[in-house]
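To start, the structure under review is shown below, and the notes come after it.
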Amino acid sequence: MAGQLPTTEFDDIPDALLDELESLAHDRGEGQLGMVQLLDEDGHFNSGSHFSEHAKRLTSDELRGLYRDMATIRRFDAEATALQRQGQLALWVPVRGQEAAQIGSGRATRPEDYLFPTYREHGVALTRGVELGELLRLFRGVSNGGWDPRETNFHLYTLVLAAQVPHAVGYAMGIQRDAARAAAAGRDSGAQAVPSPAVVAYFGDGASSEGDIHESMVFAASFKSPVVFFCQNNQWAISVPTEVQSRIPLHHRAKGYGFPGLRVDGNDVLAVHAVTEWALARARSGKGPVLIEAYTYRQGAHTTADDPTKYRLSEEEQAWLVKDPIARFEKYLRAEGYADDAFFADVAAEGDALAAKSRKDVLAFEAPSLAEAMSHVYAERHPLVEEEIAWHLGYESGFADDESAKEGGH
Amino acid sequence: MSKQIFNLPDVGEGLTEADIVSWKVKPGDTVAINDILCEIETAKSLVELPSPYEGTVLELLAPENETIEVGSPIIAIGTAGEVPGPGGANDGGAATSAVPAPSAAPAPAASAPTAPTAAPASSAVAEALNAPVPQMQEPGVESGPLVGSGPKADAVKRRPRKQPPTSPSSTVNSSSQQAVTLPGRVDSSAGSAEATPAPEPDTAVARLLTRVLAKPPVRRIAKELGINLADVPATGARGEVTRADLESYQAQREREIAAAPTFWEPAKKPQDQRVEVVPVRGVRKATAKAMVDSAFSAPHVSIFVDVDASRTMEFVQRLKKSRDFEGIKVSPLLILAKAVVWAAARNPSVNSEWVGTPNGDEIHVKHFMNLGIAAATPRGLLVPNIKNAQDLSLKELAVALNDLATTARAGKTKPGDMQGGTLTITNIGALGIDIGTPIINPGEVAIVAFGTIKLKPWVVSGEVIPRWITTLGGSFDHRVVDGDLSARFMADVAAIMEEPALLLD
């Protein structure tokens, strides 16, 4: 093992899959995107792919669950956008259009896996069991986090572009070291069979241009770390189109680092799920990272502070609406008889209830006190922090108006 | 409880205002949570505002196509059954009990595939590699902000401090025995509790405190128009100059400038159309009456003296640089004011009043100085005075002068501020005038006019050298102040202007 350079031949990948990926990559046909797709725009299932078998293993409950998650997060997203427009959130980052990429990948992870999101992974958060209302604390400005990542293995949102990706690789390298130590101990005690977790690093097409991504991929490749690079290419880095960011399809970059990369239809929840499950299994088995480029579209604005009509045409938006992930999957479920009107009505009602609850939660959030805000500066009590709190309380108490009773907050 | 007010939110990051492009609802309409109320345009984008409340629209509080400040109320919504219209819901209070109605908001349509168009172009590698370099927009041609991000600027808000300030150490818990002091406030409460001057702010903070408050867009407009914000009367809730203030100031300025070329009317017009009739009211009327009363009851005598004010100018420069005066506006007027107080004490008759009584006339000599300062304001000429100016230190006098001028320019001078004056200074030099003969403010017997200060050739020790020269003028009521007394008074004032160090005696 030691001294062996990573190859670009990827010996571990079955010939059939390698052929499929290679043929996709080299497909120069008009309008071909070279991506793994199991459901086309009309919801027809393509059973010719290597990944079809993955999808076929999903139970009808799991299939309905995928739909439920996608519809739920879209409803929640709409409510959060409205809350921002009503002045209740400082900012919101809409996810509309990327539900399949997020739900499909999130549902492919195991509880012991650890996920590093950007600031848009609301759908992934849902699949990890994060209380959705808690996502809004950050955007209301009452918290720097909002949830305990140790409970769900879903890391806090990272607002600095691409900064979470080196963290993810570092975490994956840590897993390797823990495993090595456990293996050494296991030889002594004879115990074994701890599940080996993997890591997912989420980022976007815009972040892919940042140096952090390069460094991360170099390290992950060199150490064959158990990390899946999950890039949601939503076509727009705020106002910069992907064509400006990369002269080749983004997933082609993986080969340069020495690990496989593939493009999946990010609006096809079955394909995303299958591809992510495959990549995670490969990572867990010690074969190193995979770059998944989920080819999708941000149907809304970059954030609520953005106006996409200033840089893209409505024809483009219309063309992508046809590829909508939720409508497509609904067609599939109906056609295959997995779900009926009652199911969809039920999901819609649940979404409304969740939206109402989230609204109530947001309006009830309380701003943290100064002491709370400063309590996370150090893990333990710190004399300098205490001195500064004391100074600030003294400063606040010097005001004549009653508002001074309130400190900190939004 | 029944009436809820929706205030214009900041829909971007750090926006301060927006225009309502169109209302989508009208009074009487029933709205559910998240129903679209209106479309607004901000500096960043065109967005729709969804309703945070459910109920009946009572009133639209902001018109279309007007710039509204973030935080201003735009719509009143009453709970279901409320009748819109006047008197419909007057229990006021923007109750924030936004109880969400489950299932009230329709879920957005899942999708609307309407216009299928060509899929994105082929991503064939060769084609991509040969693609032209992306066109960057020409710098400076950008039409406006595309997107925005950045820290949200909290509104600058000046909060009153307790007086005297509480010692911060009283709230410091015992674990921190270190004395915590507020910078710059250490000595402010020492000893003197009587005169209660405002606590002197810390020097670093002082600059912020004395800076004219205005939001960034307003600052920018002012800069573009070349308006000094300090000249604009501020009416904002927190004392800030608002966009409306700036616009009205600019409109006023434009009217004055625009009126100039069209001022003259051609001779062929009827004579009565060539005369503009301006009713005499308010301050104009009061000024006219006061001046007539004064000019025709008090026989004026006016005298003038040229002064080498170079040392005053140096002194002012030194004060400006001194830490003690940091953040305080210092001008030669301050020295003149101090000089007048000083000289009046040596020549008390100038600080008096001619009083006619049934038992004969009297002269009331005032053993206090309420120093009037003539100020041109938007309302006209006002003469507010600084009460008991004789008790003020140089620094306190400087602060008082600033406050007086700021209040007057903002049109907020109260009647009490203008009553009881004992002697007046008029600073005609601020307009670039060398000197004039001022008319005494009624109830007083002396007024000092302060001409402009400029570099002039001056003979010192037989040589002509440039010096800072000004002219002081004084008018006196000859019934009270004879020529020699007025001359001594003016000479004393001039002496201070020539050598401010004499104030130390």
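So you know, we letter chains A, B, ... as the sequences are listed, proteins then strands, and number each from 1. Keep in mind the model is a prediction, meaning the values are calculated, not measured.
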task: Could you look at A/Ala349 and say if it's the side chain, the backbone, both or neither that has a heavy atom under 4.5 Å from chain B?
output: neither
Give me the atom names and distance for the closest heavy-atom approach of [X] to [Y].
X       : Y        : result
B/Leu46 : A/Asp307 : N-OD2, 3.4 Å
B/Val11 : A/Gln84  : O-NE2, 3.3 Å
A/Arg85 : B/Glu48  : CD-O, 3.5 Å

Salt bridge (Lys or Arg N to Asp or Glu O under 4.0 Å) against A/Arg328, all qualifying residues, sequence neighbours excluded: A/Asp265
- prompt: Is there a donor-acceptor pair under 3.5 Å between the side chain of A/Gln86 and the backbone N or O of B/Pro50?
  reply: yes
- prompt: For the atom pair CG (A/Asp352) and CD1 (B/Ile33), what is the distance rounded to the nearest 0.5 Å?
  reply: 11.5 Å
message: Counting only non-hydrogen atoms closer than 4.5 Å, does B/Thr42 touch chain A with its backbone (N, CA, C, O), its side chain (CB onward), both, or neither?
response: neither
task: Would you mind telling me which of B/Leu49, B/Leu8, B/Ile40, B/Leu37 has the largest number of heavy-atom pairs within less than 4.5 Å of chain A?
output: B/Leu49
statement: The ring-ring contact (aromatic ring centres under 6.0 Å, His included) partners of A/Phe344 (sequence neighbours excluded) come to A/Tyr67
